[in-house]
Protein chains: 2
Amino acid sequence: MSAPEPRTPDRAEEAARAPLSKQRLRLWLRMLEATRHIEARLRDELRTEHDSTLPRFDVLAALYRRPAGLRMSELSAMLKVSNGNVTGIVERLAGEGHVERLRVEGDRRAMRVRLTEDGRARFAEMAGWHEARVNELLKDITAEELDPAIELLARIGRDQHDADGRD
Amino acid sequence: MSAPEPRTPDRAEEAARAPLSKQRLRLWLRMLEATRHIEARLRDELRTEHDSTLPRFDVLAALYRRPAGLRMSELSAMLKVSNGNVTGIVERLAGEGHVERLRVEGDRRAMRVRLTEDGRARFAEMAGWHEARVNELLKDITAEELDPAIELLARIGRDQHDADGRD
DNA sequence: GCCACATATTTCAAGCCTGAAATTTTAGGC
DNA sequence: GCCTAAAATTTCAGGCTTGAAATATGTGGC
């Protein structure tokens with residue numbers, strides 16, 4: 001009875017199963033890297049060329065599509081950040097004259113935030129630059145690659161809560 | 001001389017050229033969304049279950065692979081964050097006893113940071129959890145999808161500096 | 001009308017992050 | 001042996017972010 005010689009427990013299996021988890025980890029790391037790379041570029045140019053920031057841009061973008069404005073809580077839900085966070089960003093944007101805060105008729109707790117004319121013009125300007133810049137940063141991605149990649153990332157970002165398993 | 005009736009400037013072109021830029025923009029937005037989704041989940045669990053944070057985890061991970069330790073500047077280059085940032089994170093990790101700061105023989109400006117035994121054990125623990133959690137969050141990504149997606153993201157993250165065009 | 005609970009928002013402490021300015025030390029030229 | 005520039009790091013101000021606590025207001029039952 002010679003011992004079964006464990007060696008490498010199961011070569012074929014290791015090359016097929018274990019790596020799946022490792023590959024997913026690798027995917028995550030690359031995704032993080034890519035995102036940070038682009039964010040860094042955008043942030044830098046936004047700061048030096050437009051004297052603004054990514055979070056401010058995000059808020060302006062959300063408000064741009066809603067001429068009537070949004071409540072603080074709608075804004076934070078839309079951007080998926082905390083209420084307190086939005087308070088600070090809107091405060092600074094208001095200080096710069098890009099947004100205005102209005103009381104809501106009939107609910108004195110609520111606040112409606114809206115772009116000013118200046119904010120609207122300012123964002124339109126930045127939006128063009130933003131799209132062009134992203135297009136450049138992603139110029140190596142071909143037309144055929146785009147759709148599958150978008151679909152894949154959408155699948156990841158989608159809230160897969162209470163579907164079947166955990167969560 | 002009737003006016004040229006601008007209408008829609010060039011339908012065929014708009015359906016072929018303009019959307020490419022829009023699609024890249026969409027890709028970027030989905031990527032950002034996906035990344036934030038996963039980061040939020042990891043951060044939350046890291047905080048509630050492991051009493052730690054993502055940045056601390058990143059530092060521990062970098063040090064884990066270098067038993068001899070790393071200089072502050074090597075660490076910040078590796079993680080692609082500023083020097084000042086690393087100073088703070090390492091300071092907190094040192095306070096928790098997970099890393100130690102040693103002077104470098106022959107260069108009194110430099111600092112070598114190394115995992116303590118405790119830090120090493122602590123990270124090993126978290127690393128297993130981390131891989132499992134990421135694997136779960138990406139469970140919908142199939143084996144066939146992984147390689148192309150990793151390659152694509154690597155292409156985006158890769159520093160495409162001074163290649164041909166700008167930058 | 002009052003009370004309990006829910007909602008909308010702000011405030012706050014703690015941590016993360018950057019870019020710029022300081023600090024300390026090293027290295028080279030003379 | 002000095003002096004200047006470069007290198008390694010820290011310090012700092014300003015801003016982003018979260019989660020928890022505080023404030024203020026609204027709503028429904030009684």
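Order of the sequence lines sets the chain letters (A, B, ...), proteins ahead of strands, with each chain counted from 1. Fair warning: this is a prediction, and the values are worked out from it, not measured in the lab.
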Legend entry - Outermost nucleotides of DNA chain C that come under 4.0 Å of a non-hydrogen atom of chain B: C:dG15 to C:dT26

Inset, instruction - Report the nucleotide, chosen from D:dT9, D:dT10, D:dT18, that has the shortest atom-to-atom distance to any side-chain atom of B:Arg71. - result: D:dT9

Inset, instruction - Measure the distance from CZ on A:Arg103 to P on D:dA24 and round it to the nearest whole Å. - result: 12 Å

Legend entry - For atom CD of A:Glu96 and atom P of D:dG14, their distance in whole Å: 15 Å

Inset, instruction - Using a 4.0 Å heavy-atom cut-off across all strands, classify A:Ser82 as base, sugar-phosphate, or nothing. - result: base

Inset, instruction - Whole angstrom is fine here: how far is it from CD in B:Glu45 over to P in D:dG19? - result: 13 Å

Inset, instruction - With DNA chain C as reference, determine whether A:Val86 or B:Arg92 sits nearer its 5' end, using the nearest nucleotide of each. - result: A:Val86

Legend entry - A:Arg133 and A:Glu136 ion-paired at < 4.0 Å: yes

Inset, instruction - Rounded to the nearest angstrom, tell me the gap between atom CD in B:Glu74 and atom P in D:dA7. - result: 15 Å

Inset, instruction - For the pair B:Glu105 and B:Arg112, find out whether any cationic side-chain nitrogen is under 4.0 Å from an anionic carboxylate oxygen. - result: no

Legend entry - Nucleic acid contacts - residues 105-114 of chain A versus DNA chain C, non-hydrogen atoms under 4.0 Å: A:Arg109, A:Ala110, A:Met111

Legend entry - Euclidean distance, atom CD1 of residue A:Ile89 to atom C1' of D:dT18 [Å, nearest integer]: 12 Å

Inset, instruction - Please lay out, stage by stage, how B:Ile156 and A:Ile141 fare under the test side chain to side chain contact (heavy atoms under 4.5 Å, CB included). - result: CA-CA 8 Å; B:Ile156 296 174; A:Ile141 311 305; 3.8 Å; yes

Legend entry - Sugar-phosphate, base or nothing in reach of A:Arg56, heavy atoms under 4.0 Å: sugar-phosphate

Legend entry - Evaluation steps, side chain to side chain contact (heavy atoms under 4.5 Å, CB included), between B:Thr87 and B:Met72: CA-CA 7 Å; B:Thr87 297; B:Met72 295 298 282; 3.9 Å; yes

Inset, instruction - Using whole Å, report how far CD of A:Glu39 lies from C1' of D:dT17. - result: 13 Å

Legend entry - Trace of the side chain to side chain contact (heavy atoms under 4.5 Å, CB included) decision for B:Val90 with B:Arg101: CA-CA 9 Å; B:Val90 165; B:Arg101 281 172 290 193; 3.8 Å; yes

Legend entry - Residue-phosphate contact under 4.0 Å: A:Thr53 side-chain N/O, D:dC16 OP1/OP2: yes

Legend entry - Along DNA chain D (nearest heavy atom to each residue), the more 5'-positioned of A:Gly84 and B:Asn85: B:Asn85

Legend entry - Full working for side chain to side chain contact (heavy atoms under 4.5 Å, CB included) between B:Arg43 and B:Phe57: CA-CA 10 Å; B:Arg43 172 174 40 246; B:Phe57 180 84; over 6 Å; no

Inset, instruction - Describe the nucleic acid contact of A:Leu54 in one word from base, sugar-phosphate, nothing, applying a heavy-atom distance below 4.0 Å. - result: nothing

Inset, instruction - State, without any angle test, whether B:Glu100 and B:Thr116 hold a side-chain donor-acceptor pair at a distance under 3.5 Å. - result: no

Inset, instruction - Nearest-nucleotide wise, let me know which of A:Gly88 and B:Arg47 is further upstream toward the 5' end of DNA chain D. - result: A:Gly88

Legend entry - Audit row: B:Asp44, B:Arg41, salt bridge (charged side-chain N to carboxylate O under 4.0 Å, His left out) steps and yes/no: CA-CA 5 Å; B:Asp44 186 55; B:Arg41 302 289 187 114; over 6 Å; no

Inset, instruction - For salt bridge (charged side-chain N to carboxylate O under 4.0 Å, His left out), just list the numbers for B:Glu33 and B:Arg30, CA-CA rounded to whole Å, side-chain angles, deciding distance to a tenth of an Å, and then say yes or no. - result: CA-CA 5 Å; B:Glu33 206 168 26; B:Arg30 292 291 161 280; 3.5 Å; yes

Legend entry - B:Trp129 versus B:Glu49, side-chain donor and acceptor atoms under 3.5 Å: no

Legend entry - Rounded distance (Å) that lies between atom C1' of D:dT17 and atom CG of A:Asp58: 13 Å

